[in-house]
Amino acid sequence: MRGVWLRLLLDSPSLVTKSPVLYPLTRCPNKESPHRRYLIRSSGKHESPHEQQCRHYGINVGGEYEPLSREEIGQHARGIFNTAINAVLPSQMVHDALQVKDGVLSVKEQTYELKKNVHISAFGKAVIGMVRSAESVLGDEIVQGIASVPFNIQNVLREAGKSDLLPLDNSKVKICEGAKNNIPDEAAQTTAMAIYHQAQQVTADDILLVLVSGGGSALLPSPIPPITLNEMAETTRVMGKAGATIQELNTVRKQLEILKGGGLARAAFPAKVVTLILSDVIGDPLDLIASGPTVEDPSTAAQCLGLFQKLNVHEDIPNTVKNFLQEKLDKSQCDKDSDVGFDHVQNVLVGTNNIAIDAASSRAIQLGYLPFVLSTSLAGDASEAGVLYGKLAEFVYLSFACGKKSDSNRVLCQLEMDIVQRGVEKAKLNQLLDTCHKAQAYGKGVCIISGGETTVDVKGSGKGGRNQELALSAAMQLRHSFQDLDILKHYGIQFLSGGTDGQDGPTEAAGATADPELIREAEVQGFNPQKYLDQNDTFTFYSAVNGGANLVTTGLTGTNVMDIQILLVNCFDQMDKGSF
C-alpha cells in the first residue's frame, strides 16, 4: 500500500468531578448515539449536568448496560460515510474559488475583467452542482455553456431532494446527459464535440470557465479519427480487465483523443481558460484528472505502447489504436503538440479526497471513536485490500485483548508481520497500536479510515464494482479471523467501502458493508460467497443476501473524490474505563 499518511486525530478524556462513579445506561445521553454509554455521577446528592441531560431525554439512570447492536454500528459506518460525501459537495467549493467584486473575477491570485464574457464547459459526475454554484456567483456574466453529465442524474437528484444542485430555471448552460453506467457513448461523444466547437469559437476577450470532476473521461469522449468510439471503448475494456489503474487508462486516453491531454485548452486559445477541478485521482495529478483537458500533457505514444506490453494486452488492443500510436512514435512527436503553450490557462484544485477523510474523522469523534487515517492513497487490487482490512480488524481486536489472554501478544506479533508484508509501514502500524491503547483507556471504539481507488482484475462475467469486491473480500477474511462466535459478544465490528460519487462500477450501489457474521448468513441462505467473488459478481451477491441490506445505496451524489473505507471496532468490555 502506497502511503500519504495524515496526522492521527485523537480526542482527550473529558474533565469530570473528582472520584466519579460510572452508571451504565440503557440508552445514550445524546440523540446521536455515540459509542460511550455511561453516565458520570458526582459523589454528591445533586444530579450532575450529564444526569440532567439524561433526564431531559427520558433516560433512566442506573439501568442495565446494553452494548451497541450490530445495526447501530452499521448506522455509524454509514453516517460517517455520508458525512464524508457531504463535505465535498460542490457548492461551497466553487463559491470559495470564484470571487466577484466591482466587475472583476478573482480566482486565487489571478484576476479577470468581467463584461458578459464567460462561457462554461463542464464534464464529470459532480459538475452539475458546480454549474449551479458558478451561476449563482457569476449570474448575467455567463453567455452560454455546455455540461456533459451522467445519464439520468437530473431525475436522480430531484428524487433525492437535491434539486438545489440543479441549474437555475433560466440557466444559459445546456445540460446534456450521457455515458450510461459510466461508459462512453454516442450521446457523450456528441456533447464532447459541442464542447470542442464552443471552445473554438471563444475569443481573446472571453473567459472559458471549465468545470471538471471525476468521470470526466467517460463524459468527454473525442477519439481522433480514424479511431472510433467503439475502438476506444474496447481499448479501455481490455486494459481495465487486465487491472489497469485510472492513471494508466487516462495516459492512453490523452494520446488518442482530441480534447484530452490539454486539447480543450489548445482549442480555446487565445481565450483565458479558468479550470476548477474536483479530484478523483490518487495524489491529485492535474494532468490525469478527467485526462487533463486543460493541462499540458507529459505522456507519450511510447508510454502507451509500453503499457500494453506491461499489462500483456498488446494482442487484444484494436489494430487501429496500435497503428495510430506507432505512427506518432515514428514521427517522434505528439500530434497534439503546437506552439500555443498554456500561459492562458489557470488550473485550480478545489476538492479532494483529503477533505472527505477529514470530515469522516470528525464525525467518528462525535460518535465516540478514535479515528486513525490509514492512507489517503489506497490502491492496488480490491480483493487484496479487503483481506488487509479483515486483518486490521483482527489486529485491533487483539490489541484490546492482549491484557486478557496470555497468547494474544504472540498472535498479535505474527499478525503484525503479515500486515507489514502487505504494504503497511511498521511505523504506521505502531501508530495504530497506540491509538488502540488510547481507545482502550478512554472506553472508545477505533475507526480506521482510508481513501483512494483500488482496481479489479476482472476474470468473471458478473456484475459488481471495486467497492463491493473489496467489501466481500473483507467479509471473507472477517469470517476467517472471527470464527469464535463468543468473541462477537464482546466486540462489535463493521466495515464499509463506498464510492463518493454514489456509483460503484455499472451498478446502482455506491458500495457495501461487511462484518464477521455476513458470510455465515449468506451460507445459511444458500449462497457460496467465494463463487460470487471469483466471478466478479458481487452486486448480485449483495443484492440477494439479507434482502440487499448490506448494499450502500446513496444514488448519484453530485460529487466524486474517489472512494472511502471505514472500519469500526468496538470493545464492549472496555466501556467502563473512560469518561463520558
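The first residue in the sequence is number 1, and the count goes up from there. Scope of the values below: all heavy atoms of this structure, side chains included, with no hydrogens, waters or symmetry mates.
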Under the ring pair (Phe, Tyr, Trp, His ring centres under 6.0 Å) test, residues paired with [X] that sit two or more places apart:
X: Phe151; result: none
X: Phe81; result: none
X: Phe123; result: none
X: Phe395; result: none

Would you please name every residue forming a salt bridge (Lys or Arg N to Asp or Glu O under 4.0 Å) with [X], sequence neighbours left out?
X: Glu416; answer: Lys426
X: Glu384; answer: Arg422
X: Arg479; answer: Glu523

Flag, side chain of Asp501 to backbone of Thr559, donor-acceptor distance under 3.5 Å
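Between the backbone of Thr559 and the side chain of Asp501 there is no qualifying donor-acceptor contact (under 3.5 Å).
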Hey, does the side chain of Gln440 reach the backbone of Phe400 with a donor-acceptor pair shorter than 3.5 angstrom?
yes
Name all residues meeting the side chain to side chain contact (heavy atoms under 4.5 Å, CB included) criterion together with [X]; count only those two or more places apart in sequence or in a different chain, and write none if there are none.
X: Asn528; result: Gln530, Lys531
X: Asp96; result: Gln92
X: Ala509; result: Gln468, Thr507, Phe539, Leu551, Thr553
X: Arg158; result: Gln154, Asn155, Ser163, Leu166

Which pair of heavy atoms, one from [X] and one from [Y], lies closest together, and at what distance?
X: Ile120; Y: Ala134; answer: CD1-CB, 4.3 Å
X: Val156; Y: Leu556; answer: CG1-N, 3.7 Å
X: Pro529; Y: Met476; answer: CB-SD, 3.6 Å

Please tell me if the side chains of [X] and [Y] come closer than 4.5 Å, counting only heavy atoms from C-beta onward.
X: Tyr397; Y: Phe482; value: yes
X: Leu378; Y: Glu453; value: no
X: Val561; Y: Asp280; value: no

Look at atom NZ of Lys180 and say whether more than 12 heavy atoms of other residues, nucleotides or ligands are closer to it than 6.0 Å.
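Result for NZ/Lys180: open.
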By the definition side chain to side chain donor-acceptor pair (under 3.5 Å), identify the one residue from Ser473, Ser497, Ser450 that meets it with Tyr389.
Ser450
Any chance the side chains of [X] and [Y] put a donor and an acceptor closer than 3.5 Å?
X: Thr538; Y: Glu469; result: no
X: Ser217; Y: Asn250; result: yes
X: Glu521; Y: Asn546; result: yes

Starting at CG of Leu568, measure out to CG of Leu68 and round the result to the nearest 0.5 Å.
10.0 Å
Go through it in stages, so that I can follow the logic: the residues are Arg466 and Leu470, the test is side chain to side chain contact (heavy atoms under 4.5 Å, CB included), and I'd like the CA-CA distance, side-chain angles, deciding distance and then a yes or no.
CA-CA 6 Å; Arg466 59 181 178 264; Leu470 202 161; over 6 Å; no
Enumerate the residue pairs fulfilling ring-ring contact (aromatic ring centres under 6.0 Å, His included) with a member in residues 503-535, sequence neighbours excluded, ordered by first and then second residue.
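Sorted pair list: Tyr532-Phe541.
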